[in-house]
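Numbers restart at 1 for each chain; the letters A, B, ... are given by sequence-line order, proteins then strands. These numbers were taken from a predicted model, which means no experiment stands behind them. We use all heavy atoms of the structure for the numbers below, so side chains are in, but hydrogens, waters and symmetry mates are not.
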Number of protein chains: 2
Amino acid sequence: MGPLASYLPYLLNRAGARIATAFGEEMRPLGATLQIWRVLAALREQDGQRMGDLSSTTSIDVSTLTRLVDNMEKKGLVARQRDPEDARAVVLNVTPAGRRLTVRILPIAERYEKVALQGFDPAEAEQLKAALRRLYANMDGLKKPPPNKPHGRRG
Amino acid sequence: MGPLASYLPYLLNRAGARIATAFGEEMRPLGATLQIWRVLAALREQDGQRMGDLSSTTSIDVSTLTRLVDNMEKKGLVARQRDPEDARAVVLNVTPAGRRLTVRILPIAERYEKVALQGFDPAEAEQLKAALRRLYANMDGLKKPPPNKPHGRRG
DNA sequence: AGATGATAATTGCATTTGCAAATATAGCAC
DNA sequence: GTGCTATATTTGCAAATGCAATTATCATCT
């Protein structure tokens, strides 16, 4: 492997960590955290998501998410509800307080997007985003294939 | 803010998380972790770094790093040494075992780079990396300015 | 040399994290 | 409808994390 500075996962982590840390600091005075924001942002995109969906869209492990949502519920930001279509599932809804907090965070989020992309022209910015989506999709290939059960061995 | 899928920090985190999780899983059978790899990779780039430098290059908080290095020392992967130039500082050196582990991980790391960049032509890949470096640099602007001490008020 | 303020690393401590196991429900086969 | 397997969420638990405080050394000023 060549120098670190040209290793993609390194560059990715480094950039992500820097944004995350800075953003997290800005959340504190609002009584929020980066993870709380992620959930709120996901629910703003689409309210009433299940835990599992939310876990995928936020990249937060579902067991971590359970406890994060516990907190958010205590803070009155979201409300859990059993999914009427499937009693195993839980559906999350944002409360008015949650919406108010979201509205307060939005301008910060927009500022971050701007700062991060300082000096990028619109085409470059779009290119970067497209590349990140592609990269994400590429990693699908590494997802564990379902464990090959030697049960009804007619493979 | 528009849809999540066009929010840069979101895309960044999502891509990074996916690589990190998958890579972490591959580390387990080797008795390593993603963070251990980060330290080893940083030291491979430049052995004998101080804790603080290592913290910057790996994006691992220095207090976390202290304990991570404790573990790595127990595993015999690295050795701490007081910096002869500055007795406050500690310098890390990779041991032979650390080098051996590094060598075992390298091909995995290279595979990840390849998979992540599947379908990117070299120019596109370089563009992406350049963009990530730029983004990282852009975030410098948000680092807290040193608290303006009203002490020797001759500013 | 002594005092003062900065820098490097570690430690205390409460929180967060994530794997594995447990629980609950669904859906299909028979 | 009973049994079996798959899916959705939660819980147990040990480990990782990060902020704040602490300790040790350095650098500068006088």
What pairs of donor and acceptor atoms, side-chain ones from residues 122-129 of chain A against any protein atom, are under 3.5 angstrom apart with sequence neighbours left out?
{"residue": "A:Glu124", "atom": "OE1", "partner": "A:Asp121", "partner atom": "N", "Å": "2.9"}
{"residue": "A:Glu126", "atom": "OE2", "partner": "A:Arg133", "partner atom": "NH1", "Å": "3.4"}
{"residue": "A:Lys129", "atom": "NZ", "partner": "A:Glu113", "partner atom": "OE2", "Å": "2.7"}
{"residue": "A:Lys129", "atom": "NZ", "partner": "B:Ser6", "partner atom": "O", "Å": "2.6"}

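Residue B:Met51 comes nearest to B:Val69 through the heavy atom pair CE-CG2, 3.9 Å, listed as atom of the first residue, atom of the second, then distance.
The shortest side-chain heavy-atom distance between B:Asn93 and B:Val78 does not fall under the 4.5 Å cut-off. Annotation: side chain of A:Val90 is not in contact with side chain of A:Thr66 (no heavy-atom distance under 4.5 Å). At a threshold of 4.5 Å between non-hydrogen side-chain atoms, the residues B:Leu77 and B:Val39 do not count as touching. In this structure, B:Met72 and B:Lys75 have side chains that are not in contact, with every pair of non-hydrogen atoms separated by 4.5 Å or more.
Rounding to whole angstrom units, CZ of residue A:Phe23 and P of D:dG18 are separated by 17 Å. Look at CE on B:Met27: it is 18 Å from C1' on D:dA16, rounded to the nearest Å. The CG atom of B:Asp70 sits 13 Å away from the C1' atom of D:dA16 (whole-angstrom rounding). To the nearest angstrom, P of D:dA15 lies 19 Å from CG of B:Leu34. A:Arg67 has its CZ atom 10 Å from the P atom of C:dT17, to the nearest Å. Atom C1' of nucleotide D:dT11 and atom CG of A:Leu65 are separated by 15 Å, given to the nearest angstrom. If you take CZ of B:Arg28 and P of D:dA15, they are 14 Å apart, rounded to a whole angstrom. Rounded to whole Å, atom P of C:dT17 lies 14 Å from atom CD of B:Gln35.
A close approach under 4.0 Å does not occur between any side-chain nitrogen or oxygen of A:Thr64 and OP1 or OP2 of C:dT16. Between A:Asn71 and the phosphate of C:dT15, there is no side-chain N or O to OP1/OP2 separation shorter than 4.0 Å.
For the segment residues 36-61 of chain A, the set of residues with a heavy atom within less than 4.0 Å of an atom of DNA chain C comprises A:Asp61, in numerical order. Contact check of residues 78-95 of chain A against DNA chain C (heavy atom, cut-off under 4.0 Å) returns A:Asp86, A:Ala87, A:Arg88.
A:Thr58 contributes atom OG1, which lies 12.5 Å from atom CD1 of A:Ile36 (distance to the nearest 0.5 angstrom).
Ranking D:dG18, C:dA9, C:dG18 by closeness to the A:Ser63 side chain, first place goes to C:dG18.
A:Asp83 and A:Arg88 are not joined by a salt bridge, as no carboxylate oxygen comes within less than 4.0 angstrom of a charged side-chain nitrogen.
For the pair B:Arg134 and A:Phe120, the cation-pi criterion (under 6.0 Å, within 45° of the ring axis) is fulfilled.
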